[in-house]
Participant: 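My questions will all concern the structure given below.
The model shown is predicted, which means the values in this text are computed figures rather than measured ones.
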Amino acid sequence: MTQLRPDLTELRTAADAPGPDFVEADLRSVERELEAFLAAREHEAEPYGEEYVRLWLAVGESARGGKRLRPRLVLSAFHGLSGGHGTADAATRRAAVQTALAFELLHSAFLLHDDVIDGDTVRRGRPNVAGEFSADALFRGAGFSRARLWGESAAILAGDLLLHAAAQRVARLTVPEATRSRLLDLIDRAVFVTAAGELADVGLATGMSASALPDVLSMTADKTAEYSVSGPLAAGALLAGADDAVAELLARYGRLVGVAFQLGDDLLGVYGDESVTGKSAVGDLQQGKETTLIAFARGTSHWADIEPLFGRTDLSAADTARLAEALEGCGARDFAERLLADHVDAAIDALDSPLLPSALADTLTRVALGCVGRAA
């Protein structure tokens, strides 16, 4: 089995980051801006009824927590390519903070929609928007179908609202028109490509799309890489005034790390500790998610034993354990872990360029290594 390395939080030190004091200070600004946005929306919702206020309160709960990976990448690229010593002018730095917040809002929106698509009612160890509204409806006497409709409708609307808010943040930036237009293009591409990946994911799970390993890997890259890594890095680089060669280098790195991140997520979805990850260790198997683990297993002699249990909504704990053991026994777990490590190594190799300041390359190396650690 591939040896997994420590998590990003254990590897990252302030001394290694590009302009660490400035990145951390701006991340705190992102948090303040997020809280101010949520508070304003809760207040503005009051004339439209108690349920709408509750929706925004639930959105606030869903948006809090998390690792803020995407804002950190925006700000790391921005400060790292601006000199790393707070040399950027104040107006551009404020624009970087707002852009970092936009990508976090985008992330929160995608999580809300993804939970509806997957039928999940828990996120980060607590009820998500769909789960909270569904549970409340059941408590008030609604039947299961009506409660589910109420919860899923709330989550879809919440996600739509956050998608709009992300674009609005960028549209209102006080930056040159050409820069603002290119940033909006990055947001648009993030939404466009992620939706393609999400549709492909559902197509794989429902049998509407081909399920060969290349198809699964392509879906994985589209669903995660663009909005989680490539887009945030490109936005930070653009605000720092970096040229196209740097953007292309970061895009390659971002796609590799995005795939690695999703591979780690797939492994956590079967072998992770729910009490630590907040992610169900049975959901992917119950929903019939076509992950790299499954794509590999389909080509082995073990598939005949795996297929009868895979995608069953009534999986017991014993069934789940049997599936996990079968996926390990057929080599799927080892394959996914090796593939993850290969993508991390390739991403780190992509950073070996005179185009990148060494401090930024060090930080991005740690981000890549964190994809390995999170699957431990």
Side-chain angles (χ1 to χ4, degrees), residues 69-70 103 106-107 109-120 123 159 163 186-234 251-272 279-280 282-300 303 306-307 310-311 323 327 330-333 335-344 346-347 368 371-372 374-375:
L69 170 66
R70 293 145 195 89
F103 274 98
L106 205 64
H107 175 53
F110 287 147
L111 291 184
L112 289 167
H113 285 166
D114 192 57
D115 283 348
V116 173
I117 291 170
D118 291 343
D120 290 336
R123 170 72 65 172
L163 284 175
L186 289 174
I187 293 290
D188 179 70
R189 177 169 174 77
V191 175
F192 190 82
V193 174
T194 303
E198 191 70 65
L199 183 63
D201 192 16
V202 177
L204 289 165
T206 57
M208 297 296 103
S209 303
S211 57
L213 184 58
D215 302 303
V216 174
L217 289 174
S218 178
M219 174 275 295
T220 295
D222 292 342
K223 183 178 175 181
T224 304
E226 190 66 39
Y227 94 91
S228 291
V229 188
S230 297
L233 287 175
R252 170 170 168 72
Y253 165 89
R255 191 166 182 86
L256 289 164
V257 168
V259 172
F261 187 90
Q262 188 59 51
L263 287 168
D265 208 48
D266 293 344
L267 286 161
L268 289 176
V270 177
Y271 299 104
K279 176 182 174 66
S280 170
V282 67
D284 287 358
L285 298 174
Q286 285 182 332
Q287 296 158 18
K289 300 274 281 187
E290 288 288 336
T291 64
T292 302
L293 291 163
I294 298 301
F296 180 90
R298 283 184 181 279
T300 71
W303 182 246
I306 295 170
E307 186 176 23
F310 180 60
L323 269 177
L327 289 170
C330 76
R333 180 178 184 177
F335 173 78
E337 289 178 344
R338 284 187 286 108
L339 190 62
L340 189 162
D342 288 345
H343 275 76
V344 168
C371 295
V372 179
R374 67 191 299 274

Participant: Can you find a heavy atom in the side chain of Leu339 that is under 4.5 Å from one in the side chain of Leu217?
Facilitator: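 Yes, their side chains come closer than 4.5 Å.
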Participant: Apply side chain to side chain contact (heavy atoms under 4.5 Å, CB included) to Asp266 and Val270, showing your working.
Facilitator: CA-CA 7 Å; Asp266 293 344; Val270 177; over 6 Å; no
Participant: So, taking the atom named CG in Asp201 and the one named CD in Gln287, what distance separates them when rounded to the nearest 0.5 Å?
Facilitator: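 These two atoms lie 9.0 Å from each other.
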Participant: So, the side chain of Thr300 versus the backbone of Ala297: is there a donor-acceptor pair under 3.5 Å, distance only?
Facilitator: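 Present.
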Participant: Which heavy-atom pair separates Leu263 from His343 by the least distance, and what is that distance?
Facilitator: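 Nearest heavy atoms, Leu263 then His343: CD1-ND1, 4.4 Å.
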Participant: Measure across Cys330 and Phe296 and return the closest heavy-atom pair with its distance rounded to 0.1 Å.
Facilitator: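 Residues Cys330 and Phe296, closest heavy atoms: O-CE2, 3.3 Å.
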Participant: Contact between Asp114 and Lys223 at the side-chain level, heavy atoms closer than 4.5 Å - yes or no?
Facilitator: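 Of all side-chain heavy-atom pairs linking Lys223 with Asp114, at least one is under 4.5 Å.
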Participant: Please name the pair of heavy atoms, one in Ser209 and one in Leu204, separated by the smallest distance, quoted to 0.1 Å.
Facilitator: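 It is CB-N, 4.0 Å.
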Participant: Would you name the heavy atoms of Gly254 and Val229 that are closest together and state the gap between them?
Facilitator: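 Shortest heavy-atom contact: CA-CG1, 3.4 Å.
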Participant: Return yes if some donor-acceptor pair links the side-chain N/O of Thr220 with the main-chain N/O of Val216 below 3.5 Å, else return no.
Facilitator: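 Indeed, once roles are kept as given, a pair shorter than 3.5 Å links the two residues.
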Participant: Flag the pair Val344 / Phe261 as yes when at least one side-chain heavy-atom distance between them is below 4.5 Å, and no otherwise.
Facilitator: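 SC-SC contact between Val344 and Phe261 ruled out.
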Participant: Taking all non-hydrogen atoms of both residues into account, name the closest pair between Ala336 and Leu293 and its distance.
Facilitator: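 In terms of heavy atoms, the two residues are closest at CB-CD2, 3.8 Å.
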Participant: Among pairs that include at least one residue of residues 188-234, which meet ring pair (Phe, Tyr, Trp, His ring centres under 6.0 Å), considering only residues two or more places apart or in two chains?
Facilitator: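 Applying ring pair (Phe, Tyr, Trp, His ring centres under 6.0 Å) to every pair that reaches into residues 188-234, excluding sequence neighbours, yields His107-Tyr227, Phe110-Tyr227.
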Participant: Quick one, Gln262 with Thr224, criterion side chain to side chain donor-acceptor pair (under 3.5 Å). Give me CA distance, side-chain angles, the key distance, then yes/no.
Facilitator: CA-CA 7 Å; Gln262 188 59 51; Thr224 304; 2.6 Å; yes
Participant: Does the side chain to side chain donor-acceptor pair (under 3.5 Å) test come out yes or no for Ser228 and Arg70, once each step is laid out?
Facilitator: CA-CA 6 Å; Ser228 291; Arg70 293 145 195 89; 2.9 Å; yes
Participant: Looking at Thr194, is its backbone amide N or carbonyl O close enough to the side chain of Glu226 to form a donor-acceptor pair, meaning the two atoms are under 3.5 Å apart?
Facilitator: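 No.
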Participant: For Val257 versus Ala347, what's the shortest heavy-atom pair and its separation?
Facilitator: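 Heavy-atom minimum between the residues: CG2-CB, 3.6 Å.
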Participant: Would you indicate whether the side-chain heavy atoms of Asp118 and Lys289 approach each other to under 4.5 Å?
Facilitator: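 With C-beta onward as the side chain, the pair touches.
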Participant: Any salt bridge linking Arg298 with Glu307? Criterion: basic side-chain nitrogen under 4.0 Å from a carboxylate oxygen.
Facilitator: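 Salt bridge between Arg298 and Glu307, a charged N being under 4.0 Å from a carboxylate O: no.
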Participant: Evaluate the side-chain proximity of Leu213 to Phe335: yes if any heavy-atom separation is below 4.5 Å, no if none is.
Facilitator: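 Of all side-chain heavy-atom pairs linking Leu213 with Phe335, at least one is under 4.5 Å.
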Participant: Nearest 0.5 angstrom please: Ile294 CD1 to Leu285 CG, how far?
Facilitator: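 One finds 6.0 Å between CD1 of Ile294 and CG of Leu285.
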Participant: Are the side chain of Asp215 and the backbone N or O of Ala212 linked by a donor-acceptor pair below 3.5 Å?
Facilitator: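 It does hold such a pair.
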Participant: Just verifying a value: how many Å separate Phe310 CZ and Ile306 CD1, rounded to the nearest 0.5 Å?
Facilitator: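 Rounded to the nearest 0.5 Å, the CZ-CD1 separation comes to 9.5 Å.
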Participant: Hey, could you give me the CG/CZ distance between Leu267 and Arg333, rounded to the nearest 0.5 Å?
Facilitator: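 Leu267 atom CG to Arg333 atom CZ measures 7.0 Å (nearest 0.5 Å).
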Participant: Distance check, rounded to the nearest 0.5 Å: Asp284 atom CG versus Gln286 atom CD?
Facilitator: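 The CG atom of Asp284 sits 10.0 Å away from the CD atom of Gln286.
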